[in-house]
Structures are given as structure tokens and as C-alpha cells.
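All of these numbers come straight from a predicted model, not from anything done at the bench.
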Amino acid sequence: MFAAYASRIDRDHPLNGLELGERPAPVARPGWTTVSVRAASLNHHDLWSLRGVGLAEDKLPMILGCDAAGIDEDGNEVVLHSVIGQTGHGVGPEEPRSILTERYQGTFAEQVTVPSWNVLPKPKELTFEQAACLPTAWLTAYRMLFTNAGVRPGDSVLVQGAGGGVATAAIVLGRAAGLRIYATSRDEAKRKRAVELGAIEAYEPGARLPQRVDAVIETVGAATWSHSVKSLRPGGTLVISGATSGDRPSHAELTRIFFLELKIVGSTMGSKDELEDLLAFCATTGVRPVIDEVLPLDRAREGFERLAAGDQFGKIVLTCS
């Protein structure tokens, strides 16, 4: 079957390890099911995999891709929960929790196999392309906002790095939930788009906000960390799920954190139940993932290049016929 996969690790030039071509079809195993992929979306996780983060060289070649929607063995339209390792559901207790592409072949292929427990019905209101955007970036944003930040309608939230998949999802979901959203981006066009999607205002990174916020959604890391901490009200919550600009900020702002009793919460992906809730939220409210571009799988390299350059706003989706 045709696939986009990591053939080698290159930490400095990750796209050098990306290959497009034939790979073996999935092999049946007890408790697992094979899904024919209709759409899969890119995440920064895929670029990090090509750098060897979370992907060991002895696992190569590895088909990339965490997210997918498609057709299961019984002809049902389904969405995949990409966190593998729930004990008793397709893996043994000795196998640690992991995301697709770390230990198991991913979704950028004509077929993918996952534990049957990881398959959820796709709401009829969502297209395959829309549903394929949800299991990683949108689920991460959903958990950050509604589980870990604990915000309620009317609360204020700063979203750093508008344009990225998680940040874009946080803006759209937050707006739909009645939150007052502020956003930042280095790019003027992305700031304008953030406002169109529901942010009250969008600013250049580091700009002073009109008020201190109840929570910050942080995925950028070192470049925005100080601004995130300074933007919180006393007792506010900073939720971080990524560090695309680096994980060692020059100013940790420790004094401000303890003096104002700020809460720093790490967040990774989300649960199957949260994905089920997110699917229902989108289906019933009319909220839809923001899609930057849809490409056929054989043009996956173009999508990776766009993601690596940071030119996208929203999700890049790959489709299989």
C-alpha cells in the first residue's frame, strides 16, 4: 500500500527522512481492527518524529500520521483515537501508553490498524476531512481549555501562536463556549484571521493586553513563556502542551509564579471520552475544524514543507481515494 513514512532520522533537516512509496499492509492481530483511511491530518508531532523525538531508530521505517477518519472492516464511518495502550484493549500491561507513530505504524497510508477500542463512530455531520482534524490538535485544545484550564463561559483566555493547529482549535472552541479570547501571532494576516474566527483582538507577541486573563493556552514555549506568565491574573492558570520555539525560556518568571499563586499545568492529548465529547460538541454546535489545505497522499511532502515553514493557518489534511 502507498504511504508517507520516516525512513531515517535527521535532527537538523527532518524532511530528508521523509519518503513516499509502498509499505506492507497491516497484519491482523487479535483485538485490533484495520481501517481504510479516507483522510488524515498533519501535526507538528510528525515533524518531531522525523527528528527522532519519540521515535527510535530501531522502529524505522515508520509510517507517520496520528489522526485519521475512514471506513472500518464492517463498512462503518469511523474516527480513530490515536493514543494506544489502554490496558486490556489490544495491548498487554507490559506495553506503555504511546501515540501512533511512536511504537505503531501511523495513518498516512491507505490502511491503518489500531485496537478496536480506539475506534469511534464518525458523526454524520462531519466530513472525513473535518473528522480527521480532531483526534490530536483539536482534542489537545479541548482538554487544555475545559479539563485543565477549568474555564467557564465569560472567562478570559489568551491563546499564543494563532495559526497553529492547537491554537486555532482553542480560539474556535473557546468562542463557541462563550469565552473571551485574545490571541497573538507574529503574522498580521494570522492575527486578522484569529479575529474572524472569534478572538476579541489579536496582538503581536509580547504586547500588553487590555486586561489580565484567567488562563493562557501555551504551545509556543520559550519565545512566549514570559509574556504568558505576565498576562495572567493572580491565581490564573497557564496550560502548556508544546514548545515549538524551545523548552528553555530565558526568563522563567518564578518569582511572579509563586507570588501571584499562578498555576502551571502540563497537558498532553486527551482521553477517548473527551474525544467522544468533542465529536458531539462539533456535531451539535456547528463548530468545524479550520482546514488550511487538503492534499492527496502522494503530495504529502508539500504539506510537510508548508507545516515546517509555519505558513499554514489551521490543519493540513491528506486524503486517500
Other residues, nucleotides and ligands only: do more than 12 of their heavy atoms fall within 6.0 Å of [atom1] on [X]?
{"X": "Arg288", "atom1": "CZ", "result": "yes"}
{"X": "Arg233", "atom1": "CZ", "result": "yes"}
{"X": "Glu188", "atom1": "CD", "result": "no"}
{"X": "Arg186", "atom1": "CZ", "result": "no"}
{"X": "Glu261", "atom1": "CD", "result": "no"}

According to a hydrophobic-cluster definition based on side-chain heavy atoms being under 4.5 Å apart (Ile, Leu, Val, Met, Phe, Trp, Tyr only), do [X] and [Y] belong together?
{"X": "Val172", "Y": "Phe281", "value": "yes"}
{"X": "Met269", "Y": "Leu145", "value": "no"}
{"X": "Leu139", "Y": "Val166", "value": "yes"}
{"X": "Leu318", "Y": "Leu20", "value": "yes"}
{"X": "Leu238", "Y": "Val265", "value": "no"}

To the nearest 0.5 Å, how far apart are [atom1] in [X] and [atom2] in [Y]?
{"X": "Leu42", "Y": "Leu64", "atom1": "CG", "atom2": "CG", "value": "8.5 Å"}
{"X": "Phe304", "Y": "Leu15", "atom1": "CZ", "atom2": "CG", "value": "7.5 Å"}
{"X": "Lys59", "Y": "Ile9", "atom1": "NZ", "atom2": "CD1", "value": "13.0 Å"}
{"X": "Ile181", "Y": "Ile217", "atom1": "CD1", "atom2": "CD1", "value": "8.0 Å"}

Classify the side-chain pair [X]/[Y] by whether it contains a donor and acceptor separated by less than 3.5 Å.
{"X": "Glu110", "Y": "Ser36", "value": "no"}
{"X": "Asn43", "Y": "Lys315", "value": "yes"}
{"X": "Ser228", "Y": "Glu218", "value": "yes"}
{"X": "Glu276", "Y": "His81", "value": "no"}
{"X": "Gln105", "Y": "Tyr5", "value": "no"}
{"X": "His45", "Y": "Thr136", "value": "no"}

### Task
Measure the acute angle between the ring planes of Tyr203 and Tyr182, then classify it against the limits of 30° and 60° as parallel, tilted or perpendicular.
tilted
### Task
Take Asp292 and Arg306 through the test salt bridge (charged side-chain N to carboxylate O under 4.0 Å, His left out) and record every step on the way to the result.
CA-CA 10 Å; Asp292 178 86; Arg306 187 170 176 81; 2.6 Å; yes
### Query
Can Ile99 and Ile84 be said to form a side chain to side chain contact (heavy atoms under 4.5 Å, CB included), step by step?
CA-CA 6 Å; Ile99 301 172; Ile84 310 297; over 6 Å; no
### Query
Any ion pair linking Arg51 and Asp12 (charged N to carboxylate O, less than 4.0 Å)?
no
### Query
Ring centroid separation for Tyr104 and Trp32, is it under 6.0 angstrom?
yes
